[in-house]
Amino acid sequence: MFSKEDKELMKIEYFEIINENESVFEMKSICTGNYWAIIPVSLNRKEVYYMLMHKYDYNNNYHHQTDCGSVLEAV
């Protein structure tokens, strides 16, 4: 689940928001057209890290880009 502060970090002008809910925040880069998804990973209902997923365009599947310790690191 994303906090209010996390959501504000992801709403920067560089990205167009595609999908936003408690389990994923999906964005499209305005400059490159690439898609990015930030997914919180939790253990025992506590967020441990965030998976950053990437795809080059709408028709591609997401692939794992990296793991991040915070939303700020992912953005």
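Because only heavy atoms are used, hydrogens play no part in the values below, and waters and symmetry mates are left out as well, while side chains stay in. FYI, the numbering just counts along the sequence from 1.
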For the residue pair C68 and A74, what are the closest heavy atoms and their distance? SG-CA, 3.6 Å

Output the distance between atom CG (N19) and atom OH (Y35), rounded to the nearest 0.5 Å. 12.0 Å

What I want to check is whether the side chains of Y14 and S29 have a donor and an acceptor closer together than 3.5 Å. yes

Would a 4.5 Å heavy-atom cut-off, applied to side chains only, mark Y62 and E26 as touching? yes

Within-4.5 Å side-chain heavy-atom neighbours: V75 and W36: no

Between P40 and S23 the two heavy atoms that sit nearest each other are CD-O, 3.5 Å

Do L52 and E73 make a side-chain contact, defined as non-hydrogen atoms from C-beta onward lying under 4.5 Å apart? no

Counting only N and O atoms by type, is there a donor-acceptor contact under 3.5 Å from the side chain of H54 to the main-chain atoms of H63? no

Stepwise, does the side chain to side chain contact (heavy atoms under 4.5 Å, CB included) test hold for I39 with M53? CA-CA 8 Å; I39 302 168; M53 306 294 286; 3.7 Å; yes

Are I30 and I18 co-members of a hydrophobic cluster defined by side-chain heavy atoms under 4.5 Å apart? no

Linking I/L/V/M/F/W/Y whenever their side-chain heavy atoms sit closer than 4.5 Å, directly or via other members, would M27 and Y56 fall into one cluster? no

According to a 4.5 Å side-chain heavy-atom criterion applied to Ile, Leu, Val, Met, Phe, Trp and Tyr, with indirect links allowed, do I17 and L72 form part of one hydrophobic cluster? yes

Decide yes or no for Y50 and D6: does some side-chain heavy atom of the first lie under 4.5 Å from some side-chain heavy atom of the second? yes

K55 NZ to D57 CG distance, which is reported to the nearest 0.5 Å: 8.0 Å

